[in-house]
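Contents: one structure, followed by commentary.
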Amino acid sequence: MKQHPDDAGSQGSAHAPARPTVRVETGRIDMAAETARLSGGGAVGGLVTFSGYCRDEGGRLAALELEHYPGMAEREIEKIALEAAGRWPLLAVTAIHRTGMISPGEEIVFVACASEHRQAAFEAASFLMDFLKTRAPFWKREHLVDGTAGGWVESKDTDDAAADKWHRL
Amino acid sequence: MKQHPDDAGSQGSAHAPARPTVRVETGRIDMAAETARLSGGGAVGGLVTFSGYCRDEGGRLAALELEHYPGMAEREIEKIALEAAGRWPLLAVTAIHRTGMISPGEEIVFVACASEHRQAAFEAASFLMDFLKTRAPFWKREHLVDGTAGGWVESKDTDDAAADKWHRL
Amino acid sequence: MKLAYFAWVRERIGLAEEEVQLPAGVETVDDLLHWLKGRGANYDSALQAPEIIRVAINQEHVDHSEPLAGAKEVALFPPMTGG
Amino acid sequence: MKLAYFAWVRERIGLAEEEVQLPAGVETVDDLLHWLKGRGANYDSALQAPEIIRVAINQEHVDHSEPLAGAKEVALFPPMTGG
């Protein structure tokens, strides 16, 4: 059976869903520019952003290398963003994921949801991250400060649980 | 009986609470600078920001005027931020509120929570906004495009309900 | 004791702050609100529904049952609408 | 049919992609995983625990029970760890 983000269910709101901005890219994400673009106009009341960063794991990590499935990665993120725009009354939604080598302290992923009221923006941004973590085809591998390529990061049950909770809402 | 944000309860985590950055000011908020300051270092895994904007209310509104209780406003926001830093393992927390005349499309409030993992950052930022709305002494009045001073914005039951839900967690 | 007023409470009373001497018998926030209400049409207009007025003593939120003992500054204001 | 491999599945097999002709009887994703597993030590190493391998047909996530009919590109990869 084909699996879709639609499995998460729809609250069937009547508004026209926001057209998502979705990108997969290697360069740094200009979060100020992305944020400014979303908050323009007088309709937006609240904007929630999430930025995920490369941690240094206590100084052990030199970099994370992000591999992705070109084509499918963009499509999966777009599907997740459209699902969010269908479930909540979003005025704008952006999701950008980096690939390649990323140093500690640098951003890996950026999502932003703008809405008239804050609750929708908070929930949609959290939903977007939970589904992006479990459905978008990206994989992290560690590069260690001692010069060795460390292992592939293992997926976390807590991420699956976080995504699953939206099915019950 | 004195009321404290502590009423919301504490989950008694053992970490040293993040020292909050709290400001009340009239000028624009440099969200890029605030965000950059919080994400520095290799410990932060996730950063959630909320920006609240002045809406134009369908073109009716020329500006919002924000009045506050100097001294108490800063102290209440600081208390709320400390409460959030006690309930969630935050690495950094910032809350900035503007006062004076604010045009549609401009930000009124900015909060940001940095944590090792995303869930804490999402919950703490949402908590911060819910309590800031109901406990920090700020009041909005409308200025209309026809040149008249409109009325004071009325408080919303939904804001009280949003703050109350944290007591039940 | 200093009284401070904000937003439409300030507008209706017509003052941002004032010093008052409390008469005997005014011991709680509730007593204060009802005493003020009787001081003139402007106070009556601001305090038409005393139960919705929020009060801070020395910049801390308090219930209307709070005693005024030790209060240097009592602030009266509508429900907050910031954020 | 084109097979594409990612992350440690790619590393263990030693290929990013390949074209294969399916033998008769290989009709579902599950059939494909078990057939591949028998093609050599590198495939066996990648597919030691076939149940944890995620599969996409034509860039859509599918369950292991999905038929392969109509598949132009089948991708095999570990659970995702992006975000």
Side-chain angles (χ1 to χ4, degrees), chain A residues 30-36 38-64 91 103-119 121-123 125-130 132-133 145 156 158-159 161-162 165, chain B residues 30-36 38-64 91 103-119 121-123 125-130 132-133 145 156 158-159 161-162 165:
Chain A
D30 184 344
M31 292 183 277
E34 298 299 334
T35 302
L38 261 64
S39 58
V44 172
L47 173 70
V48 171
T49 74
F50 175 82
S51 314
Y53 293 90
C54 175
R55 292 190 302 265
D56 66 6
E57 306 297 353
R60 194 173 56 82
L61 202 71
L64 279 176
L91 295 163
S103 301
E106 288 187 10
E107 69 289 348
I108 300 169
V109 63
F110 174 79
V111 309
C113 293
S115 191
E116 195 177 340
H117 299 290
R118 72 185 182 285
Q119 194 61 25
F122 270 114
E123 290 182 8
S126 177
F127 168 92
L128 215 58
M129 282 308 303
D130 286 344
L132 200 147
K133 286 243 169 201
V145 289
K156 287 185 290 185
T158 52
D159 283 331
K165 75 171 185 281
Chain B
D30 184 343
M31 292 182 277
E34 297 299 334
T35 302
L38 262 63
S39 57
V44 171
L47 173 70
V48 171
T49 73
F50 175 83
S51 314
Y53 294 90
C54 176
R55 292 190 303 264
D56 66 7
E57 306 297 354
R60 195 173 56 82
L61 202 71
L64 280 176
L91 295 163
S103 300
E106 288 186 9
E107 70 289 348
I108 299 169
V109 63
F110 174 79
V111 310
C113 293
S115 190
E116 194 177 341
H117 299 290
R118 72 186 183 283
Q119 195 61 27
F122 270 114
E123 290 182 7
S126 177
F127 168 92
L128 216 58
M129 282 308 304
D130 286 344
L132 200 147
K133 287 243 169 201
V145 289
K156 287 185 289 185
T158 52
D159 283 331
K165 76 171 184 281

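Numbers restart at 1 for each chain; the letters A, B, ... are given by sequence-line order, proteins then strands.
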Sorted by number, residues from residues 106-115 of chain A in contact with chain B (heavy atoms, under 4.5 Å):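 Against chain B, none of the residues of residues 106-115 of chain A fall inside the cut-off of heavy atoms under 4.5 Å.
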Any residue of residues 42-55 of chain A which, by heavy atoms, sits under 4.5 Å from chain B: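 Against chain B, the residues of residues 42-55 of chain A that fall inside the cut-off (heavy atoms, under 4.5 Å) are A/Gly42, A/Ala43, A/Val44, A/Gly45, A/Gly46, A/Leu47, A/Val48, A/Thr49, A/Phe50, A/Ser51, A/Gly52, A/Tyr53, A/Cys54, A/Arg55.
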Most chain A-contacting option - heavy-atom pairs closer than 4.5 Å, from B/Glu116, B/Met31, B/Glu57: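 Top count of heavy-atom pairs under 4.5 Å with chain A: B/Glu116.
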Interface moiety of A/Asp130 toward chain B, non-hydrogen atoms closer than 4.5 Å: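 Both the backbone and the side chain of A/Asp130 come within 4.5 Å of chain B.
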Most chain B-contacting option - heavy-atom pairs closer than 4.5 Å, from A/Ser126, A/Gly59, A/Ala33: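 Of A/Ser126, A/Gly59, A/Ala33, A/Ser126 has the most heavy-atom pairs under 4.5 Å with chain B.
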Partner chain B: residue of A/Pro104, A/Gly105, A/Ser103, A/Ser39 with the largest heavy-atom pair count (under 4.5 Å):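 It is A/Ser39.
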Value rounded to 0.5 Å, distance of CZ in A/Arg118 from OG1 in B/Thr158: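 Rounded to the nearest 0.5 Å, the CZ-OG1 separation comes to 7.5 Å.
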Side chain, backbone, both or neither of B/Ala162 within contact of chain A (heavy atoms, under 4.5 Å):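 Just its side chain gets close to chain A.
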